[in-house]
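Working notes for the structure below.
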There are 2 protein chains.
Amino acid sequence: MRNGPDIAATAALIGDPARAAMLSALMDGHALTATELAAEGGVTPQTASAHLAKLERGGLLARARQGRHSYFRLASADVAQVLEALMTLSHGTGPRRTRPGPRDAALRVARVCYNHLAGAEGVALFEALRGGGALRKDDDILRITDRMRPALAPLGVDPAALPGQSAMCRTCLDWSERRHHLAGRLGRAILSAMEAKAWVRRDPASRAVVILPKGRIGIDRVIGLAAANAI
Amino acid sequence: MRNGPDIAATAALIGDPARAAMLSALMDGHALTATELAAEGGVTPQTASAHLAKLERGGLLARARQGRHSYFRLASADVAQVLEALMTLSHGTGPRRTRPGPRDAALRVARVCYNHLAGAEGVALFEALRGGGALRKDDDILRITDRMRPALAPLGVDPAALPGQSAMCRTCLDWSERRHHLAGRLGRAILSAMEAKAWVRRDPASRAVVILPKGRIGIDRVIGLAAANAI
DNA sequence: TACATGTTTCGGTCACGGTCGAACCATGCG
DNA sequence: CGCATGGTTCGACCGTGACCGAAACATGTA
């Protein structure tokens, strides 16, 4: 009837409560097994299996078989983008699933988005890097300048040494802040380094990220270094 | 079961083929009547009425009653954002509804996105304005500089004189180009001016925008003026 | 006032898809 | 080799929701 891609099919896949819960659970970037996702969706393993097969065929999930386990993760960052956009839109409208409690507040401060840092802390870091000239946007493409390396020195992240061929830097629209934060290979590396250095700890039960005392100092230092360049 | 907004309900609304077609039809920013939308969705007016009521209650559409007509439009730019994100994701995957024909090509060159110009032309214009310093991104917020006015002189658009209190400039991720183009009050004004000056003509049957000869010259001139500043 | 057109409501049909119980396959382990 | 566990397939059930015909309602027009 109309031209363009088939939106309805994709949206319908996300439109089932069980599947939406599974997808949301995978927003933290971790891969989960089929049974774990069944629990997330509140359905039996058989039902979950059918759902997961659909999501895979629909291009929303990628499956990795390991032994007798099937690990699922979001198929691409584009999927996460759609989910975040839907959260932005659904936010406020409709009955809130749970009233905003302390966990909700924690999510706003810092959380995992796919595989990088989101929330107020993520946005603050991104804007400090941009303001200090460590990131520049040319032709709408984010580029790293030579100011990035010193700024990230406390973290021990060297942008030039990151493996992979996917996009180094991407922006990702933040659900709670409605501003951008840093995604892509560099965003992932920064979050990994923060975890490895025990700056932050991920709440295993949600997407929340807790800033540890050492991390508070460290993050402020990185932000300071990045912004200091601005002069 | 989970925290966060209720994605599933919103996605399910978009997940019906008839409703998805209606929403896509409204992506051009125009308001359409219930019967027109029924035709877009390929359903009878009764069925369309039920769909439209749901979409309105779900916060996706806004209704304006005028006489015996009900005019519907997208409720917010956030809705358009979700739709474009879904197009980005669904693009390529799944069975193409129609094989890419001439109309599809026209859509990639220039089309209407909500109420502003998208496609290759939209992206080119945006990037020229950015590259020439007419737009600057500070703290991830787009700002207009004093170079904007001369660049837009051929169009007769004065950014300072635009009414309204919504965001002046916004970026919008382009479905076909996967890069940004200009949205917001200014984006809308530019497209309006192009139409008023007969630079472009909108295909009434699709979102395609046809560049007229006079417009070809004019747009190239604006891009040239914007980029010339870059030196 | 009568009529035409656009829209909505009502009632009833029907198909699709989510769900689970039970059984089946595959892998790892003792 | 047998058992346990994770995952999938099959079959059957059932509720939801899309759909349309008919009719009611609203508004503009002759």
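- Shown here are the side-chain contact (heavy atoms from CB on, under 4.5 Å) partners of Glu56(A), two or more places apart in sequence or in another chain: Arg63(A).
- Listed by first and then second residue, the side chain to side chain donor-acceptor pair (under 3.5 Å) pairs that reach into residues 41-53 of chain A are Arg19(A)-His51(A), Thr44(A)-Gln46(A), Thr44(A)-Thr47(A), sequence neighbours excluded.
- Remark: P of dG17(C) and CD1 of Ile14(A) are 17 Å apart, rounded to the nearest angstrom.
- Looking only at distances, a side-chain donor or acceptor of Lys214(B) sits under 3.5 Å from a matching main-chain atom of Lys197(B).
- Between Met22(B) atom CE and dT7(C) atom C1' the separation is 13 Å, expressed in whole Å.
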Summarise how protein sits on nucleotides 6-18 of chain D as a single string, 5' to 3': B when a protein heavy atom is under 4.0 Å from the base, S for sugar-phosphate-only contact, - for no contact. SSBB-------SS
Review item, nucleotides 13-15 of chain C N/O atoms under 3.5 Å of protein N/O:
none

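- Remark: Arg216(B) engages Glu121(B), Asp220(B) in a salt bridge (Lys or Arg N to Asp or Glu O under 4.0 Å) (not counting sequence neighbours).
- Side-chain atoms of Ser192(B) and Glu195(B) include no donor-acceptor pair closer than 3.5 Å.
- Closest heavy-atom contact between Phe72(A) and Ala34(A): CE1-CB, 4.2 Å.
- Take Ala48(A) and apply the side-chain contact (heavy atoms from CB on, under 4.5 Å) test, not counting sequence neighbours, and it matches Met22(A), Ala38(A), Val43(A).
- Of all heavy-atom pairs between Leu13(A) and Gly58(A), the closest is CD1-CA, 3.8 Å.
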